[in-house]
Amino acid sequence: MAIVAVVAVAFTAGTTIPAVAGALAAVAKASFVTGMVMGLMGVADKAGSDIANKEVSDVDEYAGKAAKDTFAGAVCGALFAPFMIPAAGTGLLGEIPTALQRTGTLLKTMYIGGTFNYTYYDLRERTDGRIPSIQQGVKVFRDGALFSGFIYTAGTAILEVAPFIKNAYKGTKGAAEAENVEGKTKYDNININSLSEEELAQITSDIRCNGGSPIEIPENARIKAQSKNAGYEQISYKWNAGTYTYEARWHTETPGAAQYGRGTTWVVTRTIPGNANGVQKVVQVKVGDTWVDNSIWQQAVRANQTGTATQEQMNMLENGHWLAK
């Protein structure tokens, strides 16, 4: 049981502290924590013994055992914290030692752990009015040394592997973030109303050429840039080609619209103008490789805004919002 306290000492005092006041504080902290740990373990051990023997010890027996275990743990914590601090600083749950330090530090840690465990055993035997046994003393020393050696080795191994795990995690996270970055552009946070004419001309030209429009925008396209009252920025490019009037609309995320985590997007429409001879105006939205009637598109937009869109409508809206670059 006492060997667990070695870990408590290492965790509470396992930092190299140059200042004397800091070192004394670490010793006091180690003493307190180790005493509390051993006191609680003593109570648990007593309860386990009662259950196994089908007995019920009185409160005084529990209090006595807790007091003795706490006392012995506190003394051991205070005695061994000064030794565990430098050990921790060279490998035991601390920074990874060099190859030359490793063997020496392992042996030192095992010795400290064994001595700690024996000292605790000796104190407990004497507080119970018994003479410590040499045979049992050797056993508890061995157990403490082996346990401390295991903790040292495992801790060092974890610290050596940790950078690789961290780098692998960062790589995976970076890849995931890189996926999400698509559709996030350098103009996501612009305020069109605050731009000068020269700045606006430069930005609209850059977006037309390099912004990722799903359809080629000619240089002579008519441009209209607005900061919309609904809370988003929009740049519209319009041009005529044959019987169609095309509009490629670049806009930042719109409040109340499908968010998808896609950032700034394009929506492209084409219009066949109506005429006085009864030909109806037709507006279509580019969705993937097809063109969808605008009435169907707007129905999906309204359904999305009210939270009633079907999965088919959601898919259409997603495929009709083209990721900007």
Side-chain angles (χ1 to χ4, degrees), residues 174-193 195 199-274 280-305 309-325:
E177 289 177 345
E179 272 187 44
N180 292 333
V181 166
E182 190 177 13
K184 308 291 185 183
T185 80
K186 59 185 175 181
Y187 300 121
D188 284 349
N189 297 316
I190 64 168
N191 183 340
I192 290 173
N193 285 342
L195 299 175
E199 290 172 331
L200 183 59
Q202 182 179 1
I203 289 172
T204 55
S205 176
D206 187 25
I207 290 174
R208 179 181 66 81
C209 297
N210 307 306
S213 171
I215 188 170
E216 185 176 352
I217 303 173
E219 188 174 356
N220 64 351
R222 302 180 298 278
I223 301 173
K224 185 177 182 179
Q226 297 174 292
S227 290
K228 306 292 284 186
N229 291 334
Y232 63 95
E233 307 298 307
Q234 176 176 289
I235 300 174
S236 169
Y237 302 83
K238 283 189 177 181
W239 69 97
N240 297 323
T243 59
Y244 293 106
T245 298
Y246 288 91
E247 179 182 27
R249 185 167 57 89
W250 176 100
H251 65 83
T252 56
E253 289 185 340
T254 55
Q259 294 304 310
Y260 311 119
R262 294 164 74 85
T264 301
T265 54
W266 292 88
V267 174
V268 177
T269 60
R270 67 181 185 183
T271 303
I272 302 175
Q280 297 294 316
K281 182 171 92 169
V282 176
V283 180
Q284 298 173 320
V285 181
K286 184 172 176 59
V287 178
D289 295 327
T290 64
W291 292 88
V292 174
D293 191 86
N294 187 58
S295 63
I296 298 174
W297 173 266
Q298 290 301 325
Q299 186 179 8
V301 169
R302 288 190 295 272
N304 179 57
Q305 290 174 339
T310 65
Q311 187 59 51
E312 182 180 7
Q313 288 176 317
M314 295 294 291
N315 291 341
M316 180 177 66
L317 291 173
E318 182 172 0
N319 292 330
H321 283 84
W322 300 80
L323 296 174
K325 295 181 180 177

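No donor-acceptor pair under 3.5 Å is formed between the side chain of Thr252 and the backbone N or O of Tyr232. At least one donor-acceptor pair closer than 3.5 Å links the side chain of Thr290 to the backbone N or O of Val287. Under a 3.5 Å cut-off, the side chain of Ser213 and the backbone N or O of Ile215 do form a donor-acceptor pair. For Lys286 (side chain) and Gly288 (main-chain N/O), a donor-acceptor pair under 3.5 Å exists by modelled atom type.
Val283 has its side chain out of reach of Trp297: every pair of non-hydrogen atoms, C-beta onward, lies at least 4.5 Å apart. Residues Ile272 and Tyr244 meet the side-chain proximity criterion, which asks for heavy atoms closer than 4.5 Å.
Evaluated for a side chain to side chain donor-acceptor pair (under 3.5 Å) with Ser236, the options Arg249, Lys224, Glu247 yield exactly one hit, Glu247. Put simply, the residue from Thr264, Asp206, Thr204 that forms a side chain to side chain donor-acceptor pair (under 3.5 Å) with Tyr187 is Asp206.
Side chains of Gln311 and Asn315: a donor-acceptor N/O pair is present below 3.5 angstrom, by distance only.
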Lys325 and Asn210: side chain to side chain contact (heavy atoms under 4.5 Å, CB included), yes or no, with the steps?
CA-CA 7 Å; Lys325 295 181 180 177; Asn210 307 306; over 6 Å; no

Between Gln284 and Val292, does the side chain to side chain contact (heavy atoms under 4.5 Å, CB included) criterion hold? Intermediate values first, please.
CA-CA 5 Å; Gln284 298 173 320; Val292 174; over 6 Å; no

Applying side chain to side chain contact (heavy atoms under 4.5 Å, CB included), run through Tyr237 and Ile223 and close with a yes or a no.
CA-CA 5 Å; Tyr237 302 83; Ile223 301 173; 3.7 Å; yes

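Crowding of Gln298 atom CD: a count of heavy atoms from other residues, nucleotides or ligands under 6.0 Å exceeding 12. When the shell of 6.0 Å around CG of Asn189 is examined, it contains 12 or fewer heavy atoms from other residues, nucleotides or ligands. Other residues, nucleotides and ligands place more than 12 heavy atoms under 6.0 Å from the CD atom of Gln226.
Here the CE atom belonging to Met316 is positioned 10.5 Å from the NE2 atom belonging to His321, to the nearest 0.5 angstrom. In this structure, the separation between CG on Asn294 and OG1 on Thr269 is 7.5 Å, given to the nearest 0.5 Å. Going from atom CD of Gln202 over to atom CD1 of Ile207 covers 11.0 Å, rounded to the nearest 0.5 Å. Summarising the geometry, atom NZ belonging to Lys228 is positioned 10.5 Å from atom CD belonging to Glu233; distances are rounded to the nearest 0.5 Å. Of the inter-residue distances, the one linking Ile203 atom CD1 with Ile190 atom CD1 reads 5.0 Å to the nearest 0.5 angstrom.
Scanning all heavy atoms of the two residues, the minimum distance from Ala324 to Trp250 falls at CB-NE1, 3.9 Å. Taking all atoms of both residues into account, the shortest heavy-atom contact from Thr245 to Arg222 is CG2-NH2, 4.4 Å. Closest approach of Ile192 to Ser227, counting heavy atoms only: N-OG, 3.3 Å. Between Ala303 and Gln313, the shortest heavy-atom distance links the atoms CB-OE1, 3.6 Å. Across Gly212 and Trp266, no two heavy atoms sit closer than the pair C-NE1, 3.5 Å. Listed here is the closest heavy atom pair of Ala225 and Leu200: CB-CD1, 3.9 Å.
In this pair, Tyr246 and Trp239 present their aromatic rings parallel. The plane angle is below 30°, not in the 30 to 60° band.
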